[in-house]
Structures are given as C-alpha cells and as structure tokens.
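Numbers restart at 1 for each chain; the letters A, B, ... are given by sequence-line order, proteins then strands. Fair warning: this is a prediction, and the values are worked out from it, not measured in the lab.
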Amino acid sequence: MKNLVIVESPAKAKTIEGYLGESYNVIASYGHVRDLENKTGSVLPGKWSEIKWAISERGKTQLNQISTLAKESGRLILATDPDREGEAIAWHICELLKKEGILDSLEVCRAVFNSITRSAVAEAMENTREINKEKVQAYLARRVLDYVVGFNISPLLWRRLPGAKSAGRVQSVALKLICEREDKRDIFEPQEYWSIEAAFIKEEKKIKAKINSLDGTKLKKFDIKREKEAEIIIERIKKSSFSISEVNKKPIKRNPRPPFITSTLQQEAARKLRFSADRTMQVAQSLYEKACITYMRTDSPVISNEGISLIRDVIVRKFNDKYLYKDPLGRIYKSKSKQAQEAHEAIRPTDVNKYPDENSLSGDEKELYALIWNRAVSSQMASADLTQTEIIIPSQDKNIIFKATGSQIVFKGFLEVYEEGNDTEEESEETRLPTNINVNDELQIETLFPEQHFTKPPARYTEASLIRDLEEKGIGRPSTYASIMKSIKRREYASLENKQFLPANRGRVVVSFLDNYFAEYFKYEFTAEMEESLDLIARGDLIWTSLLDKFWTGFEPNIGNVEGLSN
DNA sequence: CAGTGAGCGAGCTTCCGCTTGACTT
C-alpha cells in the first residue's frame with residue numbers, strides 16, 4: 001500500500017515526490033480547499049461553531065484526486081505548511097474526507113518540515129503526529145473574527161458613506177497609516193535653517209568640513225535659523241585662521257543584511273528595480289516554479305544548514321577564504337517579528353552554483369534572481385572593514401570649530417557583492433578625505449558655502465515603506481502584502497502618484513468614520529493583541545469561542561450606535 | 001401633448017489568508 005502525502009504548493013509536491021520515491025504519491029491542495037461561504041450569515045454571533053463552509057472549485061478537483069488516491073493508500077500524511085493556516089488546511093481536508101467515510105480504513109497523520117531538503121523531508125515522514133486541535137481553533141477564531149469585522153462594518157459604510165466599499169482589520173489600518181501620514185503633511189510647516197560648509201585647502205589637498213560648534217556650544221542641524229545669523233558667522237569665519245587640532249581614526253565594521261523574506265524582497269525590488277509588490281511576487285512565483293529559488297512567501301530569514309554550506313562553498317570558489325564569515329556554522333539570523341510563523345526558509349537560490357550571469361533567465365526574472373543571489377551570498381560573507389576619520393578644525397581662538405568626517409574601505413568583504421538600497425535620496429554625510437593630513441597643519445579657506453534649507457514634511461508612503469510598517473506592527477502576512485496594496489487602490493481609497501500613496505477623500509472619510517465609531521478595532525495594536533490571544537488558544541489556555549464572545553460583547557454596541565444615528 | 005423630474009423599489013457590494021493561473025500592463 002502506498003503513502004499519500006498532501007502539501008500546499010504543486011511545485012513543492014513535484015520536488016518532494018522526487019525525494020520520496022515509488023511508495024509515495026504527493027498531491028497539492030493549492031492552498032485552502034474551503035472557506036467561509038462568501039455571504040452574510042455564514043457565522044451567527046454566539047453560535048460560533050456552526051460555520052457554513054464552502055468548498056472552492058479548485059478544492060473540489062483536488063479533493064476528488066485526494067479521495068481517489070486515498071482509497072488505494074494505507075497512510076495519509078498531511079504535510080501542509082507548519083504554520084497556523086497549514087494546520088487548518090490539514091484539518092479541513094481531514095474533516096471532508098471523514099464526511100466521505102474514507103478515513104475508516106486509512107491511517108492519518110500530520111508531518112511538518114521547514115525546508116525542502118531531502119533530509120528534512122525524510123525526517124518529517126518518520127516523525128509524524130496528530131493534527132493540533134488547539135492550533136486549528138486559533139485559526140477558527142482568527143477567521144471568524146475577520147469575517148465579523150468585515151461583514152458588519154462594510155454594509156454600514158455602503159449606507160453611510162457613498163462610494164465606500166469595504167473595511168477590514170488589515171486593509172483599514174493600512175489605509176489609516178496612509179491618511180495619518182497625509183494629515184501630518186497637511187499641518188506641516190517648513191522651518192528655515194542654514195548650513196555652513198567650508199572647503200579648506202592645504203597644498204592641493206581639499207577637506208570639506210561642516211561647522212560643528214560655536215563659542216563652546218555644539219551646533220545642531222537646525223540651530224542656525226536665519227540668513228542674518230549665518231552671515232554673522234560667515235563674517236567671523238572669514239576673519240579667523242584655521243588649523244587642524246585632531247585627526248581621529250577608528251576602525252569600524254559593517255555587517256551584511258540578512259537574506260530576503262517576502263517583505264524585504266518587496267522593499268528592495270522596489271528600491272533597486274522599481275518593481276511594484278505585485279510584480280515582484282509574480283516574478284518570484286515564476287522563479288519558484290522553475291525551481292530557481294526557495295519559497296517566496298516567508299517571514300523567516302533562516303537558511304537551512306545545507307543551504308548555508310552551499311553558499312559558503314561558492315564564496316570560497318568565487319572569492320577566497322578571507323571573504324567567508326569565519327564561524328563554520330555560518331551567520332545565523334533571527335526573525336525580528338514576534339508574529340513570524342517561520343514556516344519556510346528565507347528566500348534564496350535553490351542552487352547557488354547557478355550564478356546570476358550564467359543562466360538562461362532573462363528580463364525581470366534575471367534581475368530579481370540576481371538580487372536574491374547577491375543578498376543570500378553576501379549574508380554569509382565577512383564583514384566589511386572601514387576606517388572612519390574625523391578631523392577637527394578649530395579657529396585660532398577655538399570659538400569656531402569645523403569637523404570633517406569620512407570613511408575609507410579597508411576590506412570590502414560582503415560589499416563586493418551587495419549593498420542595500422536607500423529609501424531617501426539624501427546625500428551621504430560623509431565625504432572623501434585626503435590622506436597624509438596632520439595635526440597642526442594650517443589650512444586656507446578655499447570656499448565657504450552658507451546654504452538655505454527648509455525642513456521637509458514626512459514622506460508619503462510607497463508600497464515598500466507601507467509594507468515595512470505593516471510588517472513591523474505584525475499586520476498582514478507574506479501572502480497578503482501585495483493584495484493589500486491592490487485593494488486600497490481598487491477601492492479608490494488611495495492612488496499611487498509617483499509611486500507614493502496619495503489618499504483620496506473617500507479614503508480619508510472612511511478612516512475618520514472608523515476612528516469615530518470603531519476606534520478600538522482599528523488601533524495599530526489591535527492585531528498584535530489579537531495574536532496574543534490566539535497564542536493562548538493555541539497553547540490551550542483560552543477557549544476560542546470565549547475570545548469571540550468577548551470580542552462581540554464590545555463590538556456589537558458600536559454597530560447599534562451607527563444604526564441609531566439619524567441622517 | 002410631449003418632455004421632465006421627483007420618488008420609489010430591487011439588486012448589488014463586503015473580510016483575511018492560503019494557493020495558482022488567466023488576463024492585462
């Protein structure tokens with residue numbers, strides 16, 4: 001009798017079938033096979049466990065295949081992803097097969113693995129367990145809560161705010177970030193300030209320095225407010241003579257960034273390739289299907305030991321030992337987010353020996369692959385060594401002090417391969433400094449630039465920065481970031497102008513409506529607090545229906561308040 | 001008598017998260 005293995009993704013199914021051999025059939029579920037029926041009344045308040053489910057079209061075909069093969073199998077192994085949704089998918093399939101009476105003659109178990117390597121899969125098949133009921137209940141609570149919020153508030157919007165289409169735990173908070181940023185911009189008043197920079201010169205050697213302190217007090221960036229003040233200082237500078245009092249050098253290290261997860265890939269592809277989140281995910285999907293990269297929807301920066309050692313081999317071959325991070329176990333990265341579920345590896349090339357410039361990829365795929373390759377390889381390389389130099393240039397009476405800073409790369413290390421992009425176009429503070437400059441050298445002023453500036457309002461969100469902030473707050477999941485962006489645009493709550501989100505009036509009205517009547521449910525901490533309760537459920541310390549009862553008790557009166565309003 | 005406009009009723013929309021794939025930029 002054969003074993004039947006269920007995973008979520010067809011590409012994964014193919015790979016695993018290759019690992020497991022003749023006695024296994026592997027079938028993909030294509031994600032969830034059933035979901036709440038897409039209409040009102042699928043769950044009724046208080047009767048939380050009487051849920052009306054509907055099987056998706058895709059689900060039907062996959063379930064048919066599964067039950068056909070299950071009849072000729074001795075063991076069913078549910079190897080969906082090792083996270084909450086994966087546990088739920090396994091449970092749904094199990095429930096549906098039970099209904100068909102197929103499970104009577106079949107042993108059912110659950111297997112999990114975090115990386116798709118031969119050894120990890122083999123080990124998982126040996127160490128199976130039962131479906132984790134508590135985890136499934138945490139899923140049920142999450143699923144029902146989202147439904148209740150969305151399907152109660154959206155109809156209120158239809159009636160109250162013409163043109164408004166939808167509200168939800170995730171999309172509305174994303175919209176709120178956009179709108180609050182715009183509010184800050186609206187009330188922002190630019191402040192004038194002046195900078196004073198001098199180019200000193202000594203025998204052809206030029207040093208650009210900024211004024212650092214005046215009459216014994218340190219000058220901060222915005223301290224010179226008016227042209228008059230700047231002029232007075234300039235006059236004093238012109239009357240003074242300057243020499244070097246200190247040259248301070250100190251070694252600094254720069255470390256590589258962790259390998260990509262979904263959010264960082266989307267951000268970096270936006271910065272370096274100008275891709276939208278959606279485009280990034282489509283290109284990544286196709287690289288994944290071609291088995292070029294590991295799974296692209298992940299919140300874990302961890303690379304399997306196998307992956308790390310392949311990368312280390314490449315670093316030695318392409319560069320040399322000096323470029324390798326010295327610990328043989330490699331650099332180990334940890335997830336920053338408490339909400340991370342770490343079901344998959346980081347995003348990396350499956351075969352790092354396939355160099356970005358030596359493969360058959362082209363266009364978007366080639367570019368994105370190169371980005372992923374470089375980031376993954378650099379994450380296991382040695383740090384860069386730099387020397388940071390600081391030159392202190394006081395006037396003779398020491399009342400005016402200039403300071404120049406610069407850094408020089410001594411050893412490039414990972415920078416040979418990869419450097420993260422910048423969000424802002426602000427010029428770097430550091431300039432090149434000449435070598436062989438000495439204390440007591442006297443300097444001439446070549447040029448003196450007073451420059452007028454104005455403080456800038458906070459920048460509007462881009463897709464990349466919005467995803468970064470959502471992730472930081474634990475809102476949304478790797479599989480949904482791109483679709484959150486889409487739905488805000490489709491609802492015409494905000495539009496992208498020059499790749500930046502500009503809220504529409506409609507969007508701002510929705511946000512203030514929600515803040516008025518449902519503030520508790522759209523504050524930034526709501527999701528994190530919900531997740532804490534879900535953790536309690538998953539640990540067996542809280543009953544899932546009590547979470548919903550408690551939620552409903554607080555939520556329901558707010559609906560009444562809106563209903564009771566007169567027009 | 002023809003054209004206009006107010007008023008009414010019916011029917012529709014919606015969440016988040018897991019997968020692709022068909023379609024358009």
Side-chain angles (χ1 to χ4, degrees), chain A residues 6-14 27-43 51 56-59 61-62 80-93 138-175 262 275-276 278-279 281-286 288-289 295-299 339 341 343-344 363-364 470 474-484 486-487 489-493 496 510 514 518 521-522 526-527 530-531 534 555:
Chain A
I6 313 294
V7 295
E8 293 180 38
S9 144
K12 202 191 229 183
K14 213 172 119 194
I27 293 189
S29 71
Y30 286 78
H32 273 294
V33 291
R34 69 173 180 178
D35 192 12
L36 285 179
E37 246 184 292
N38 186 26
K39 54 184 182 193
T40 48
S42 298
V43 193
I51 297 169
S56 65
E57 282 307 305
R58 194 74 197 241
T61 37
Q62 298 317 105
T80 45
D81 294 349
D83 53 18
R84 192 163 63 217
E85 296 296 319
E87 205 68 22
I89 293 170
W91 173 78
H92 278 300
I93 292 171
Y139 153 80
L140 290 171
R142 196 280 304 159
R143 183 65 192 86
V144 170
L145 190 147
D146 280 334
Y147 172 85
V148 172
V149 171
F151 274 61
N152 278 293
I153 296 182
S154 297
L156 295 180
L157 293 180
W158 303 337
R159 268 175 286 159
R160 291 279 156 190
L161 310 175
K165 284 283 183 197
S166 62
R169 172 177 57 86
V170 170
Q171 60 165 278
S172 299
V173 177
L175 179 61
T262 305
F275 286 3
S276 67
D278 195 39
R279 183 167 165 199
M281 292 315 280
Q282 285 188 23
V283 177
Q285 176 82 32
S286 119
Y288 168 67
E289 284 168 15
Y295 199 57
M296 62 281 152
R297 289 183 278 268
T298 176
D299 54 20
Q339 271 87 19
Q341 302 198 21
H344 307 275
D364 284 1
L470 286 172
I475 300 165
R477 302 277 310 132
S479 68
T480 61
Y481 296 134
S483 58
I484 296 164
K486 241 187 189 167
S487 89
K489 289 181 259 178
R490 197 183 53 234
R491 302 281 178 235
E492 295 177 44
Y493 287 157
L496 278 183
V510 168
L514 296 175
F518 296 94
Y521 306 96
F522 295 97
F526 182 79
T527 292
M530 177 192 78
E531 287 289 345
L534 296 181
F555 185 81

Kindly point out which of [options] is positioned nearest to the side chain of [X]?
X: A:Glu8; options: B:dT19, B:dC16, B:dC15; answer: B:dT19
X: A:His32; options: B:dT20, B:dC15, B:dG17; answer: B:dG17
X: A:Tyr288; options: B:dG17, B:dT19, B:dT20; answer: B:dT20
X: A:Thr480; options: B:dG17, B:dT19, B:dT14; answer: B:dG17
X: A:Arg491; options: B:dC18, B:dT14, B:dT20; answer: B:dT14
X: A:Arg297; options: B:dT14, B:dT19, B:dC15; answer: B:dT19
X: A:Tyr30; options: B:dC15, B:dT20, B:dT14; answer: B:dT20

Examine [N]: is either OP1 or OP2 under 4.0 Å from a nitrogen or oxygen in the side chain of [X]? Give yes or no.
X: A:Arg58; N: B:dC18; answer: no
X: A:Ser9; N: B:dT19; answer: no
X: A:Ser479; N: B:dC18; answer: yes
X: A:Gln285; N: B:dG21; answer: no

- Message: List the residues meeting side chain to side chain donor-acceptor pair (under 3.5 Å) with A:Thr262, not counting sequence neighbours, and say none if there are none.
- Response: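 A:Thr262 satisfies side chain to side chain donor-acceptor pair (under 3.5 Å) with no other residue.
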- Watson-Crick and G-U pairing of DNA chain B written in dot-bracket, each distance under 3.5 angstrom, with | for inter-strand partners: .........................
- In chain order, what residues pass the ring-ring contact (aromatic ring centres under 6.0 Å, His included) check against A:Tyr481, with sequence neighbours excluded?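 In terms of ring-ring contact (aromatic ring centres under 6.0 Å, His included), with neighbours along the sequence ignored, A:Tyr481 is linked to no residue.
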